[in-house]
Amino acid sequence: MMRKMKSGVLAHLEGLEAQMNRACKRSEKPWRVQARESALGTKIRELRRLRDKLKAEVKRRQQTTEKASLASTECDQTVETREQEALERKRESVKAILQAYRFTGLSGKLTSRGVCVCISTAFEGNLLDSYFVDLVIEKPLRIHHHSIPVFIPLEKIAAKYLQTDLQHFLFSLCEALNAYSGRKYQADRLQGEFAAFLTGPLQRNSLCNLLSFTYKVDQSSSFRARLLYEDLTVTLPTDVTVTPQGTEALSALREEQRAAHEALFRTEPLHKVFASFAREEELSVSVAS
Amino acid sequence: MEAEQAEVRALQAEIAALQQTCLQLPGPWEHASRIRQSLQEIHQSDSAGQESSKDPRNQLRHLESELSFLSMLTGFTITDYSKKTEDLTTAEMTDEGVKKVLQRHRISGNCHIITFQLEFQIVETQSKENISSVITDLGIVMEPTEYSELSEFVSRAEERRDLFMFFRGLHFFVKWCEYRKRTFTHFKDKYPDVVHLPEGPYSHCMGIRGASCPEFELVIVWRIHVDMEGKVLPQLDLLPGVPRQALQLDRHGVVDTAPQGFRSLLGVLGIEGTLESLIGSMQ
């Protein structure tokens with residue numbers, strides 16, 4: 001900062017001061033007292049000049065500061081600035097469209113080495129977690145780092161598509177992540193909202209594609225349900241088994257119920273099935289009372 | 001003498017003080033670069049930390065190149081986007097530290113030859129512990145409307161308010177449509193006399209008619225089906241067009257078993273291999 005200041009006005013002023021100091025020193029030798037007095041007078045005059053110059057400079061800089069802070073918001077005096085405004089509007093519109101890409105579930109930002117892709121997930125209108133994959137665009141294309149959970153078959157999908165069809169790689173990943181998010185959402189809802197129906201803990205794996213739990217819908221004994229989602233891109237189970245707890249043989253009515261539940265689990269999301277159980281319970285309670 | 005010396009000292013002190021003030025105030029040339037610098041910082045944080053140029057024209061160019069890159073990467077070209085926000089927070093919510101906002105979004109764009117226009121609403125509820133965003137309404141308009149398989153899928157996406165499923169399904173559907181078009185066009189170009197596409201290149205069926213027996217025709221129907229979960233699957237079927245007299249001659253029931261044979265052939269040779277061999281058999 002100091003060095004920069006030395007150029008320009010201040011440097012000049014300092015030069016003047018130095019010059020004056022040398023003039024003063026020189027003037028000290030002959031005609032001692034008188035010379036000193038006139039030297040002092042000169043010095044005073046020079047110093048006053050220097051001070052006035054500095055005062056003017058400070059004043060000028062203060063005014064510029066005020067103007068500049070206004071200028072940043074109202075520089076609409078020339079055609080150039082009107083052009084700049086149009087550019088600014090266009091820029092805002094392009095920026096907005098870039099932001100809108102996240103609603104497709106797949107968006108990204110350019111990085112110095114490639115692109116950082118963001119995959120958003122949702123289930124039945126509920127916006128859930130987002131994941132990112134940071135790609136380095138080289139030959140071969142490689143994943144620099146990512147936030148994909150370890151149980152998602154990223155390597156398998158990458159081995160299949162990353163080098164040959166980047167778009168397919170990304171959409172396959174989208175499928176797998178969205179399905180996982182959806183399964184997780186259903187399991188979480190069951191454990192949270194509908195925990196009252198469970199007669200034991202919900203057994204689930206990290207991929208949420210194998211769920212096992214015991215539940216009870218009415219005063220009779222409980223059922224055990226096992227849901228398997230063999231296809232990792234689905235949110236409805238591929239295999240459902242509902243078995244009665246206990247050793248007694250099932251009555252016809254109970255068998256009907258068991259079969260109905262099995263069908264329900266296969267066709268409706270988990271939390272929706274339990275929501276319907278809850279509604280039935282409410283109805284039966286209100287009927288009873 | 002002393003008075004003057006005193007004045008000299010006073011002036012020197014004043015000058016020193018003014019010099020200090022000058023140091024603190026930016027010089028005129030310095031100020032312009034400071035504005036440019038802060039603008040640059042804003043743009044850097046927006047445009048992924050790249051060394052963006054100070055010229056707004058260059059910035060725009062950089063943003064536009066980012067946009068075309070995303071369009072190429074996703075296969076979707078968004079041409080327009082608008083958003084309106086409405087605050088739904090009530091006084092009670094504010095007391096509990098909850099904020100509720102309704103966002104209305106409108107996106108227009110296209111995926112290859114299919115254009116879409118979406119309008120959807122998102123309700124964002126922000127409490128001290130978490131933020132939840134829920135799509136509360138989704139409306140989708142698509143052109144062209146001839147793809148009947150798509151219209152069912154679109155209504156399902158609207159019903160489930162599954163925005164991402166719509167885009168995923170759209171992507172895979174368009175991919176399969178384009179592959180079907182390329183495949184059919186390839187065979188039409190290779191065997192112009194034998195192969196015909198009744199509905200043009202985007203036809204969903206292809207007819208194979210041998211020059212020697214024009215009454216016989218094999219029709220390959222290739223539908224692109226979108227299932228409940230938004231998964232896109234091709235469905236190919238063979239419809240043999242055989243005149244009645246020929247059917248009577250067909251004692252081994254070859255014509256009846258043809259569709260099944262076709263499906264097994266698909267499993268072995270794949271789509272192109274199967275079509276190639278069928279055309280070969282008709283020549």
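To find a chain, count down the sequence lines: A is the first, B the second, and so on, and within it residues start at 1. Note that the structure is predicted; figures quoted are calculated from it, not measured.
In this structure, the portion of I122(B) lying under 4.5 Å from any heavy atom of chain A is its side chain and not its backbone. Heavy atoms of D231(A) lying under 4.5 Å from chain B belong exclusively to its side chain. Looking at L128(A), there are no atoms closer than 4.5 Å to chain B (heavy atoms on both sides), in backbone or side chain. With a 4.5 angstrom heavy-atom cutoff, T121(A) touches chain B only via backbone atoms. Residue M165(B): no heavy atom, backbone or side chain, is found under 4.5 Å from chain A. Using a 4.5 Å cut-off between heavy atoms, F172(B) touches chain A through its side chain atoms alone. Only the backbone of T79(B) comes within contact range of chain A, judged by heavy atoms closer than 4.5 Å. With a 4.5 Å cut-off on non-hydrogen atoms, D80(B) touches chain A through its backbone but not through its side chain. At a 4.5 Å heavy-atom cutoff, the contact between I107(B) and chain A is made by side-chain atoms alone.
Classification of the F76(B)-H171(B) ring pair by plane angle, with boundaries at 30° and 60°, yields perpendicular.
Under the 4.5 Å side-chain criterion, counting only non-hydrogen atoms from C-beta, F116(B) is in contact with F166(B).
Chain A forms the most heavy-atom pairs under 4.5 Å with one residue out of R161(B), E14(B), R160(B), and that residue is E14(B). For the set L60(B), T74(B), D162(B), the count of heavy-atom pairs under 4.5 angstrom toward chain A peaks at T74(B). Contact count versus chain B (heavy atoms, under 4.5 Å) is highest, among V94(A), L98(A), L106(A), N126(A), for L98(A). Counting heavy-atom pairs closer than 4.5 Å to chain B, the top-ranked of the candidates E83(A), Q167(A), E124(A) is Q167(A).
Between the side chain of D227(B) and the backbone N or O of K231(B), at least one donor-acceptor pair lies under 3.5 Å. Proximity of a side-chain donor or acceptor of R102(A) to a complementary backbone N or O of Q99(A) within less than 3.5 Å is detected.
At a heavy-atom cut-off of under 4.5 Å, chain A is reached by S133(B), V134(B), I135(B) from residues 129-138 of chain B, listed in order of number.
When all heavy atoms are compared, the tightest approach of A96(A) to Y81(B) is O-CD2, 3.3 Å.
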